[in-house]
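Here is how names work: the chains are called A, B, and so on, in the same order as the sequence lines, proteins then strands, and each is numbered from 1.
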Protein chains: 2
Amino acid sequence: MGTRPRDKEATKAILVEAVGKVLARDGFLRVGVNSVAREAGVDKVLIYRYFGGLTGLVREFSDSRKFWPGMEDIVGPDPQAFLAQPIHEMLSTGLINYARFIRNKPLSLAIIAWMLMESNELTRAFQDTRSGMFSGLMDKARSSQGPSEIDVGSLGNLLGAAVAFLALSMRFPENYHNELVDPKAWTDVENMIRVICSKVLCDGS
Amino acid sequence: MGTRPRDKEATKAILVEAVGKVLARDGFLRVGVNSVAREAGVDKVLIYRYFGGLTGLVREFSDSRKFWPGMEDIVGPDPQAFLAQPIHEMLSTGLINYARFIRNKPLSLAIIAWMLMESNELTRAFQDTRSGMFSGLMDKARSSQGPSEIDVGSLGNLLGAAVAFLALSMRFPENYHNELVDPKAWTDVENMIRVICSKVLCDGS
DNA sequence: ATCCAATGTCACCGCATGGTGACTTTGTCA
DNA sequence: TGACAAAGTCACCATGCGGTGACATTGGAT
């Protein structure tokens with residue numbers, strides 16, 4: 001029989017990967033013990049034996065990949081150049097990089113949606129992964145700014161929320177009459193972000 | 001037996017209301033034939049007999065109430081005064097009214113979330129209800145604007161998306177480390193919206 | 001070669017779901 | 001007073017779920 005050699009670690013890896021497949025293809029609604037095991041072609045009892053249950057498996061899945069943009073995804077390849085920009089350009093390019101990072105990542109979008117829909121031990125498995133990177137970056141940006149100005153962090157949060165919602169709504173364009181399936185619409189969004197950051201952060205007053 | 005007199009319309013109304021109760025309390029994940037019938041204290045077969053299935057019931061529910069803000073919710077009690085404002089104030093007050101309308105309406109938030117999560121015959125039942133009111137308002141605003149300026153509609157869409165995401169994320173604050181449970185945080189958001197609309201739409205160039 | 005723990009499969013349980021047919025009760029109209 | 005259709009209840013089905021115990025198979029150490 002050409003069956004796979006018995007390899008616990010390999011099987012665990014298959015299961016972890018199966019979570020991602022189900023999540024990306026069918027959404028978090030379908031992520032369950034049965035569906036994941038079926039996707040992996042493995043008996044579901046191994047989920048309990050190896051991970052103590054679906055929660056443990058999802059947690060391991062959460063650690064296994066990089067769903068959220070890291071510092072380098074946000075600031076780009078040259079951190080020095082990034083930090084040398086005026087603050088409004090730092091924010092807008094950071095936001096645009098964020099948008100570009102998530103908008104074509106079904107897994108990231110699925111997780112964002114999941115965390116938006118319920119709070120249980122499964123979504124809590126993702127919580128820690130969302131590093132405070134973004135807010136840290138905002139603090140850094142804030143420090144290079146006069147104290148009495150518009151709060152860069154608040155503006156970033158607001159526009160980040162907009163980006164996330166637009167990226168999510170793009171998944172079911174027939175529900176939200178939006179045109180973001182067209183990449184050109186995203187360049188309009190990016191331009192709008194640039195205009196906002198520029199006008200809000202560096203114009204007079 | 002003090003049982004209710006047999007009244008088809010009353011029973012239908014009870015079922016329609018039960019959809020809203022389940023949706024607001026447990027979210028769309030729990031909206032099903034069994035749970036709704038149980039909530040209504042009525043046999044589920046009546047859902048099939050009276051509405052042809054859950055889809056018909058949800059559609060009737062969708063028509064039964066006002067989940068989305070109407071024109072008067074957005075423009076306020078005095079349309080004349082609203083339209084007399086400069087365009088950036090029209091947009092910001094409209095967005096703020098939108099935010100105030102939805103942010104404490106669990107049903108509206110649940111439906112927005114639902115439409116963000118799946119596209120099926122049930123979510124399609126809500127689709128038509130979302131009147132093109134907002135975009136119509138944007139057109140009106142656009143007409144009172146010079147042709148070469150920033151597009152008010154795009155800005156409104158972006159900030160509307162931000163508002164929607166923030167309102168949704170508020171439902172599970174432990175997932176998104178946000179502070180919007182505190183109403184004061186919303187006044188900050190409103191102020192930020194005002195600043196953005198003002199700086200983007202009326203500052204020079 | 002033998003033993004044994006680890007690896008993996010299979011069968012089953014209780015429960016909830018969407019869905020349907022057969023039943024009983026009620027109001028109404030002749 | 002009956003008859004009858006509408007209103008509502010009940011019992012049931014197949015399916016899928018999370019979860020668990022018992023089984024078979026393998027590889028490695030003695």
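By the 30° and 60° cut-offs, the orientation of the rings of A:Phe61 relative to A:Phe126 is perpendicular.
When rounded to the nearest whole Å, the span between CZ of B:Arg6 and P of C:dT24 equals 13 Å. Taking atom OH of A:Tyr50 as the reference point, atom P of C:dG8 lies 4 Å away to the nearest angstrom. Counting to the nearest Å, the C1' atom of C:dG8 and the NZ atom of A:Lys12 are 15 Å from each other. Between the CG atom of B:Leu57 and the P atom of C:dG19 there is a distance of 12 Å, given to the nearest Å. Atom pair A:Ile47:CD1 and D:dC17:C1' shows a separation of 13 Å (rounding to whole Å applied). Distance, A:Lys44 NZ to D:dG16 P: 12 Å, rounded to whole Å. At whole-Å resolution of the value, OH in B:Tyr48 and P in C:dT17 are 12 Å apart. In this structure, the CG atom of B:Asp43 is 6 Å from the C1' atom of D:dT9, given to the nearest Å.
Figure legend: cation-pi geometry between A:Lys12 and A:Phe51, with NZ or CZ positioned under 6.0 Å from the six-membered ring centre and within 45° of its axis.
An OP1 or OP2 oxygen of D:dG16 is reached within less than 4.0 angstrom by no side-chain nitrogen or oxygen of A:Asn34. Applying the 4.0 Å criterion to OP1 and OP2 of D:dA7, one finds that B:Thr11 has every side-chain N and O outside that range. The shortest distance between the side-chain N/O atoms of A:Arg49 and the OP1/OP2 oxygens of D:dG19 is not below 4.0 Å.
When heavy atoms are screened at a 4.0 angstrom cut-off, B:Arg30 is found touching no nucleic acid atom at all. Across all strands shown, A:Ser35 has no heavy atoms under 4.0 Å from either base or sugar-phosphate atoms.
Counting non-hydrogen atoms of neighbouring residues, nucleotides and ligands closer than 6.0 angstrom, the CZ atom of A:Arg25 exceeds 12 such neighbours.
In summary, B:Asp188 and B:Lys184 engage in a salt bridge, as defined by a charged side-chain N under 4.0 Å from a carboxylate O.
With the nearest nucleotide of DNA chain D identified for both A:Val33 and A:Val45, A:Val33 has the one nearer the 5' end.
In this structure, a donor-acceptor pair under 3.5 Å is absent between the side chains of A:Glu190 and A:Trp186.
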